[in-house]
Amino acid sequence: MTFAPLSPRLGDRSLFPDLEARAYLAHAAISPPSLVARRAVIGLLGDYARRGAGAFGATLDQRDRLRAKLGALLNARPGEVALVPNTSLGVTHVAMGFPFERGDRVLCFLTEFPANVTPWQRAAELYGLELSWIDADLARTDPGRFLEEVDAVCARGLRLAAVSAVQFQSGLRMPLRAISDRVRAVGGVLFVDAIQACGSVPIDVEADGIDALASGGHKWLMGLEGAGMLYLRSELSKSMRPHLAGWLSHQDAFSFLLNGPELLRYDRPFRADAGLVEGGAFSAVGCAALEASVDLLGSLGVGNIHRHVNAYLDALERELVDRGFHSLRGASAEQRSCILGVRPPSGDTRDAPWWSRALAARGVVTSCPDGLLRFAPHWPNDLDRELPLLIEALDDAGAER
Ligand SMILES: Cc1ncc(COP(=O)(O)O)c(C=O)c1O
């Protein structure tokens, strides 16, 4: 099947012709797939429908390309990116495979999404680790004290800190480099859950001092649920324990299928790169959608997307604050992602879920995690078209009693 070429433009949602919302502001939850991603999936399904197993070779090439493209997005080196179904499994691979010793300390952060907590709690139980905690929101309310607290934990000895690049509810962009410098100074490593950043907030594993990173693909990367990535700095992947290994975790794992006989063996060494974690079959459909989406994001430029969305949020934040909402957006530009989290006006008995439902009834789709009303536009959102209807929806919902 051949399709006409599709060219994306910031603020133009014509690649989302079936989107029902008048304004869709829930990209921090799930992104709707663009026509570009949908066509890639249809193409892949057609290939499997025609050729069955014959289509598999092309999907292997696609995985190679996707790893390289995701790596380029992060400024990672070849072999440092693996495909994983979701953030949680990426975190779990690091939590289970990191060469911890009994009594090692891991730094976690309060207000984090649980995906970046549960695996560290499990690792603590299994390997006898000490968990330390710091309130991530302190990085917004008192950045100096936040770093003093990181210093204090590091002074007690630290093997690993696990933080999100962007807090899922307030949208606070964490000071990754400052955390990494402190953690590395005591011989530790920095793990980052980047699902609320990748695709809309520039991430550079070298400049940001990141040693390992996981991200699902269905939010700002605009792929589908079930396909995401794990970045492992090459020095780190060499030291990982293969606790969650599968048949594809071995070197030369395929040859017995293609070039046998006498190649079926169970003693092949494990891969020493990030591919160690790719233990079995992977979602080909998810891969197709993600590759198409990453190409599209790359053509727009993540820095341009971040600027486009922040201009949108600047205007929206002013309107919300004028109506008594409390913004949790960071004060400085470096603290800002593409999420704006607000609390309902003081004294208003209507909570964030109420506001989210009331706005949805007026065609404005938001989300309301952790008691905050969350606005999360992406590159197709157009301020000039959407701000008037957002204001109308807010005022109309506000007048409802
Ligand atoms: C910070 C953060 N991490 C992880 C997830 C999801 O994890 P997973 O990709 O494993 O479903 C979310 C939201 O769904 C999130 O906001």
Side-chain angles (χ1 to χ4, degrees), residues 3 6-8 15-16 19 24 26-48 55-76 78-91 93 115 165-166 192-203 205 212-232 248 274-275 277-302 305 338 376 378-380:
F3 297 107
L6 300 168
S7 41
L15 293 185
F16 302 83
L19 194 54
Y24 188 82
H27 292 92
I30 294 183
S31 272
S34 66
L35 277 184
V36 172
R38 289 164 68 181
R39 289 183 178 186
V41 169
I42 291 167
L44 176 106
L45 287 177
D47 202 19
Y48 266 102
F56 182 63
T59 67
L60 286 183
D61 294 343
Q62 178 158 63
R63 285 184 218 176
D64 286 343
R65 286 197 308 271
L66 178 57
R67 285 186 206 95
K69 288 172 184 178
L70 290 167
L73 201 67
L74 301 174
N75 190 25
E80 292 186 323
V81 172
L83 302 175
V84 289
N86 49 49
T87 321
S88 298
L89 199 57
V91 187
H93 274 294
V166 170
V192 173
D193 171 345
I195 195 173
Q196 293 295 5
C198 285
S200 65
V201 173
I203 293 279
V205 290
L213 170 155
S215 173
H218 59 281
K219 298 184 191 285
W220 304 96
L221 286 171
M222 301 185 114
L224 300 174
E225 289 160 286
M229 67 165 144
L230 175 66
Y231 158 80
L232 286 177
L248 288 176
V277 308
E278 292 183 6
F282 191 75
S283 165
V285 161
C287 242
L290 192 53
E291 188 193 15
S293 242
V294 168
D295 284 344
L296 188 157
L297 294 168
S299 74
L300 290 170
V302 173
I305 293 173
C338 292
H378 206 333
W379 67 264

Checklist entry - Just how far is it from atom OG of Ser293 to atom NZ of Lys69, taken to the nearest 0.5 Å? => result 11.5 Å
Item to check | N-O pairing of Glu278 and Arg67 below 4.0 Å | outcome: yes
Next on the checklist: Looking at every non-hydrogen atom in both residues, tell me the closest pair between Leu83 and Cys287 and how far apart they are.
Outcome noted: CD1-SG, 3.8 Å
Next on the checklist: Quick one, Trp220 and Cys338 - any side-chain contact, counting heavy atoms below 4.5 Å?
Outcome noted: yes
Checklist entry - Is a donor on one side and an acceptor on the other found under 3.5 Å between the side chain of Ser215 and the backbone of Met229? => result no
Next on the checklist: Looking at every non-hydrogen atom in both residues, tell me the closest pair between Gln196 and Ala28 and how far apart they are.
Outcome noted: NE2-O, 3.0 Å
Checklist entry - Going by heavy atoms in the side chains, are Leu290 and Leu224 under 4.5 Å from each other? => result no
Next on the checklist: Quick check on the 6.0 Å ring-centre criterion: do Trp379 and Phe16 meet it?
Outcome noted: yes
Item to check | Rounded distance (nearest 0.5 Å) linking atom CG of Asp295 with atom CG of Leu66 | outcome: 9.0 Å
Item to check | CG-CG distance between Leu70 and Leu230, expressed to the nearest 0.5 angstrom | outcome: 11.5 Å
Checklist entry - Are any side-chain N or O atoms of His218 and backbone N or O atoms of Gly223, one a donor and one an acceptor, separated by less than 3.5 Å? => result no
Checklist outcome for this item: Note: Leu74 and Tyr231 closest approach over all heavy atoms is CD1-CB, 3.9 Å
Item to check | Side-chain (Gln62) to main-chain (Glu291) donor-acceptor, under 3.5 angstrom | outcome: no
Next on the checklist: I need the Thr59 OG1 to Tyr48 OH distance, nearest 0.5 Å.
Outcome noted: 3.5 Å
Next on the checklist: So Pro33 and Val41, do their side chains get closer than 4.5 Å, heavy atoms only?
Outcome noted: no
Next on the checklist: Give me the atom names and distance for the closest heavy-atom approach of Phe282 to Pro85.
Outcome noted: CE1-N, 3.6 Å
Item to check | Shortest non-hydrogen contact between Ile203 and Ala165, atoms and distance | outcome: CD1-CB, 3.9 Å
Next on the checklist: Rounded to the nearest 0.5 Å, what separates atom CG in Leu221 from atom NE2 in His378?
Outcome noted: 7.5 Å
Checklist entry - What pair of heavy atoms forms the shortest contact from His27 to Ser31, and how long is it? => result CD2-OG, 2.9 Å
Item to check | Atom pair OG (Ser200) and CG (Leu297), whose distance is rounded to the nearest 0.5 Å | outcome: 9.0 Å
Next on the checklist: Does any part of the side chain of Ser34, heavy atoms only, come nearer than 4.5 Å to the side chain of Pro8, both counted from C-beta?
Outcome noted: no
Next on the checklist: I'd like to check Val201 versus Val302 (side-chain heavy atoms, cut-off strictly below 4.5 Å). Are they in contact?
Outcome noted: no
Checklist entry - Just by distance, do the side chain of Asp193 and the backbone of Ile195 share a donor-acceptor pair under 3.5 Å? => result yes
Next on the checklist: Run the side chain to side chain contact (heavy atoms under 4.5 Å, CB included) test against Asn86 and tell me which residues pass, sequence neighbours left out.
Outcome noted: Ser88, Leu89
Item to check | Listed partners of His93 passing ring pair (Phe, Tyr, Trp, His ring centres under 6.0 Å), at least two apart | outcome: none
Next on the checklist: For residues 213-230, which residue pairs pass the salt bridge (Lys or Arg N to Asp or Glu O under 4.0 Å) check, not counting sequence neighbours?
Outcome noted: none
